[in-house]
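In listed order, ligands and their atoms are each counted from 1. The figures here come from the full heavy-atom set of this structure, side chains too, leaving out hydrogens, waters and symmetry mates.
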Amino acid sequence: MFAAVSDPPTRVRVIPLQPGLGALDYLAPMPLAPGDIVVVPLGPRDIIGVVWEADAVPAREIADGRLRAVARRVDAPSVAAPLRKLIGWVADYYLAAPGAVLRMALPSPTALEPAALVAVFRATGVVPEWTTAAREKAFAALAGVEGSVAELARAAGVSDGVIRGLIAAGAIERVEVAASATFAPPDPAHAPPVLEAAQAEAAAALADAARAGGFRPFLLEGVTGSGKTEVYFEAVAAALAAGGQALVLLPEIALTAPFLARFEARFGAAPAVWHSDLKSTERRRTWRAVAGGEARVVVGARSALFLPFRELKLIVVDEAHEPSFKQEDGVPYHGRDAAVMRARFEDCPVVLATATPALETRALVEAGRYAHLVLPARFGGASMPVVKAIDLRRYPPPRGKWLSAPLVGAVEETLGRGEQVLLFLNRRGYAPLTLCRTCGERIGCPDCSTWLVEHRLLGRLICHHCGHVVPTPPACPECGGVGTLAACGPGVERVAEEAARLWPRARIGIATSDTIGGPARAVAFMSAVSAGEIDIVVGTQLMAKGHDFPMLTLVGVVDADLGLAGGDLRAAERSFQQIAQAGGRAGRTAERSGRVLLQTYQPDAPVMRALVRGQAGAFHAAEAAARKEAGMPPYGRLAALVVSDTDAPRAEAAARALGVSAPRGGGIVTMGPAPAPLSMLRGRYRWRLLVQARRSADLQGAVRAWLAGVKLPSSVRVGVDVDPYSFL
Ligand code: ADP
Ligand code: ZN
C-alpha cells in the first residue's frame with residue numbers, strides 16, 4: 001500500500017486542494033504518511049494538498065521520470081483516517097471531485113501555518129477629534145469587536161476607508177493576539193437537570209451508547225418543548241466524561257446566543273462554535289483547537305462535520321428534518337446523511353433529534369437500522385397547542401388583504417389578554433410580483449426566469465434566486481405609466497403593514513433574514529420578543545425554531561397552502577414539518593396554552609387534516625405508501641442533472657445529447673431532458689434530467705459511466721445532485 005520512509009524517494013499520491021482536479025502522484029523526498037498536509041508544485045504554482053492512500057483514489061498516469069517532488073510537509077495536524085474516509089465517501093456518493101470535498105475539511109492555507117500571533121484591529125476607546133456619521137456608526141458598533149479591517153467594516157456596515165480613517169485617528173489599533181485561544185472545558189457535572197421519566201429513559205440510552213462507543217444511530221423524536229435538547233445534553237455529558245469530544249449540528253439559523261447560553265448554563269463553559277460567518281482568526285483558532293483536542297464540544301452548522309476531531313464520541317443532529325442541512329451549492333451533500341457516515345467512520349453514536357422526522361429517517365427506523373427514542377409530551381405538563389383550520393373559501397380576506405375575519409378576531413383576543421402573536425408567512429419582502437395595471441408588464445429578473453420580489457423597506461426589487469437588485473421604479477419600465485404598478489400577493493412586510501393598520505397601537509416586529517440577518521441582530525430581536533417589547537411578530541421560518549416565548553400564545557399561519565404549490569416530491573411533507581414547527585412556538589408553558597390557526601383554501605387536503613387532528617402517523621403512512629408506489633425516495637433513489645449554458649440552443653443540444661445515452665434498464669430509468677422549472681438562472685439556460693433507480697441498482701456507477709462517455713462543449717456545465725432536495 002504505502003511506504004512511509006523512503007530512500008530513494010517514493011511515489012506518493014496527493015489530492016490537491018483544487019476543485020475539478022483529481023489526485024496526482026509526486027515524489028516524496030521526506031517521510032510522509034496518508035493524511036499529511038503538504039505543499040506541492042502544480043504548473044508554475046505551489047498549492048496545498050493532502051497525502052492519500054494510493055488504492056483509495058485513482059490518479060492520472062505519470063511516468064517515474066516525470067514526477068515532480070513534494071515541496072514540503074506543512075506543520076499542521078494530519079487529516080485522520082476517519083475524516084479521510086468521510087471525504088472519500090462524500091466524493092464517491094455525491095460524484096464530487098475529491099479536491100472539492102477536501103477543501104471543506106481544511107481552512108484557508110494561511111490558517112494551516114502555525115502562526116503564534118496574528119494581527120487584529122480593535123477599538124481603543126479614543127474618540128477621534130472630528131467625526132462623521134459613518135465614523136459615529138462604526139464607533140458605536142465596534143466596542144469590544146476585533147478582526148481584520150474588512151471584518152470590522154462589515155460588522156459596522158461602513159467602508160474599509162472609514163475603518164482606516166479611524167486607525168489613523170487612533171480610535172482603532174492594531175494588536176497581535178495569540179492564534180490559539182483557550183477553550184475552557186465544559187464540565188459534564190456542572191448543572192445537570194432533573195429529568196422526567198421518559199426523558200431520563202431516553203437520556204440513559206444515549207449516554208450508555210456514548211460511553212460504550214461503537215456506531216449506533218438513534219432517532220430522538222419528541223414534540224417541540226418535550227426536552228430533546230436537555231436529553232441529548234446528557235449524552236454530550238457522557239461523551240465528555242468518557243474523555244471524548246462531541247459535535248452538535250444545528251441549522252445555521254438556529255445557531256443563536258440563546259442556544260449557546262443554554263449550553264453554558266448546563267456545562268459551565270461555552271462550546272466552540274463553527275459556522276460560515278466566523279472570522280478568519282476564529283476559524284484558525286477553532287480548527288486548531290478541535291484538532292488539538294482543546295475544544296471538547298463544537299456546536300456548528302453542517303460544515304462542522306469536516307472538522308478534524310481527534311476523539312469524537314458523539315454526533316447530534318438537532319432539527320434533523322431541516323432541509324437546510326442539504327447543501328445546494330458547491331458539493332451538494334446532505335449534512336444529516338454525512339453526519340451518520342462520519343459517526344460510522346468514527347465508530348460512535350449519532351442522534352437525530354426532531355419533532356417531525358423526515359420520511360427517510362422514519363424508513364430507517366422501520367427497517368430496524370436506527371434505534372427509536374420517543375418523548376411523548378411537552379415538559380412540565382405543558383399542553384400542545386390546539387390547531388384549527390380557517391377555510392378561506394368561507395372567510396375570504398378583503399381584496400388586497402391577507403388576514404381573514406376569524407384570524408383577526410383571534411389576534412384581538414390574544415392582544416387583549418396581553419399575550420403575543422406570531423403571524424407566520426414563509427415569504428420575505430413586500431410582494432412576490434409587481435405588475436403594471438395598464439400594459440400588463442410583470443417585472444422579471446433579467447438573468448433568471450423569475451419575477452423580482454418587492455422589498456418596500458429597502459425600496460428595491462430583488463431576485464431571490466440570483467440577488468439581482470434594482471431600485472423600485474417610479475414608473476412602469478415597459479409603458480412608462482406612472483402610478484400604474486401594483487404589488488401582487490403578500491410577503492411578510494405587507495402582512496405587517498396590514499397588521500399595523502388593524503392594530504395601530506400594537507408593537508409589530510418583522511423577523512426575516514433581511515431584517516434580523518446576522519447573529520447579533522437576531523439576538524437583539526429575540527430578546528425584545530422575550531421581554532414583551534413586541535406584540536406581534538410577522539416572521540418567516542427564521543422564527544420557527546428554538547426560541548421559547550412563554551407569552552406567545554397564538555400562531556397564525558397566513559398561507560398554509562404556500563408550501564404545497566410547485567408540488568415537488570416533498571411538498572406535503574415539508575409543509576407539515578414547517579407548519580408543525582411554527583405552531584410549536586405557541587404556548588409552551590403549563591400556565592398558558594396556545595393555539596394555531598391555519599388559513600387555507602384546501603382544509604380537506606391530507607396535510608391540513610393531519611395538522612388539525614394531530615394525526616401525523618396516518619399522514620406519514622399515506623405519504624410513505626405513495627412514495628413506495630412511485631418508487632420515489634426513500635424507497636427508490638434519484639439523481640438530478642442540470643445541464644446549463646449561456647447559449648440557449650447549446651444548452652438544449654447538450655441536454656439532448658446526454659438524453660440519448662442516458663442510463664435505462666437494470667432498475668434505472670431516466671426522465672427528460674426537459675427545460676428546468678427555473679429555465680434560466682444567472683444568465684444560464686437550464687435543462688434537467690432525472691435518473692430514478694431502485695435501491696438495489698448502482699445509481700452512482702451508472703451516472704459516472706454515462707457522463708464519462710459523453711463529450712460536451714466546454715461552456716456547458718453539468719451539475720449532478722444525488723438525492724436532490726430542490727427540484728428547480
Ligand atoms: P425541545 O428541544 O424538545 O424543543 P427543550 O429541550 O428545548 O425541548 O425543552 C423545552 C423547555 O423545557 C426548555 O425551556 C427546557 O429548558 C425545559 N425543560 C425540558 N426538560 C426539562 C427538565 N427536565 N428540567 C428543567 N427544564 C426542562
Ligand atoms: Zn435573478
Which atoms from ligand 1 have a heavy atom of [X] less than 4.0 Å away?
X	value
Leu195	23 (N)
Gly225	1 (P), 3 (O), 4 (O), 8 (O), 10 (C)
Val194	22 (C), 23 (N), 24 (N)

Notebook entry, point to check: Among Arg682, Arg650, Arg684, Arg686, whose side-chain hydrogen bond (donor to acceptor under 3.5 Å, both in side chains) with Ser644 holds?
Noted result: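 For Ser644, the side-chain hydrogen bond (donor to acceptor under 3.5 Å, both in side chains) test succeeds with only one of Arg682, Arg650, Arg684, Arg686, which is Arg684.
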
Check: Looking at Val492, Leu425, Val421, which one forms a side-chain contact (heavy atoms from CB on, under 4.5 Å) with Val538?
Finding: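 Between Val538 and the candidates, side-chain contact (heavy atoms from CB on, under 4.5 Å) is satisfied uniquely by Val492.
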
Next item on the list: Examine the side chains of Tyr232 and Asp318 and answer whether a donor and an acceptor come within less than 3.5 Å of each other.
Entry: yes

Which one holds for [X] and ligand 1: side chain close, backbone close, both close, or neither close, with close meaning a heavy atom under 4.0 Å?
X	answer
Arg378	neither
Leu375	neither
Val223	backbone

Next item on the list: Verify the neighbour count for atom CZ of Arg460: are there more than 12 heavy atoms of other residues, nucleotides or ligands below 6.0 Å?
Entry: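 Atom CZ in Arg460 is not packed in, count stays at 12 or less.
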
Kindly confirm or rule out an N or O of [X] lying under 3.5 angstrom from an N or O of ligand 1.
X	result
Glu196	no
Phe379	no
Thr224	no

Next item on the list: Please state whether the separation between the Zn ion (ligand 2) and some N/O/S atom of His468 is under 2.8 Å?
Entry: no

Next item on the list: Kindly confirm whether the Zn ion (ligand 2) is within less than 2.8 Å of some N/O/S atom in His465?
Entry: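 Of the N, O and S atoms in His465, none lies under 2.8 Å from the Zn ion (ligand 2), which means no.
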
Notebook entry, point to check: Under the salt bridge (charged side-chain N to carboxylate O under 4.0 Å, His left out) criterion, do Arg362 and Glu573 qualify, and how do the steps go?
Noted result: CA-CA 12 Å; Arg362 290 175 194 277; Glu573 183 190 7; 5.9 Å; no

Margin query: Using a 3.5 Å distance criterion without hydrogens, assess whether the side chain of Thr472 forms a donor-acceptor pair with backbone atoms of Gly459.
Written below: yes

Next item on the list: Report yes or no: does a heavy atom of Gly222 sit under 4.0 Å from some atom of ligand 1?
Entry: no

Check: Can you tell me the angle formed at the Zn ion (ligand 2) by SG of Cys445 and SG of Cys448, to 10°?
Finding: 110°

Margin query: For the metal site, I want the angle between atom SG of Cys466 and atom SG of Cys463 with the Zn ion (ligand 2) at the apex, to 10°.
Written below: 110°

Notebook entry, point to check: Hey, are Arg336 and Glu319 close enough for a salt bridge, meaning a charged N less than 4.0 Å from a carboxylate O?
Noted result: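 Between Glu319 and Arg336 there is no salt bridge, as every charged N stays at least 4.0 Å from the carboxylate O atoms.
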
Margin query: Among Glu319, Arg262, Glu221, which one puts a heavy atom closest to atom 5 (P) of ligand 1?
Written below: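 Closest candidate by heavy-atom distance is Arg262.
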
Item checked: Shortest reach to atom 9 (O) of ligand 1 by a heavy atom, considering only Pro192, Gly227, Ala353 -> Gly227

Next item on the list: Show your working on salt bridge (charged side-chain N to carboxylate O under 4.0 Å, His left out) between Asp337 and Arg302 and close with a plain yes or no.
Entry: CA-CA 11 Å; Asp337 299 345; Arg302 60 170 183 256; over 6 Å; no

Notebook entry, point to check: Regarding Arg585 and the six-membered ring of Phe549, is the cationic atom NZ or CZ under 6.0 Å from the ring centre and inside 45° of its axis?
Noted result: no

Margin query: Determine whether the aromatic ring centres of residues Phe218 and His372 are separated by less than 6.0 angstrom.
Written below: no

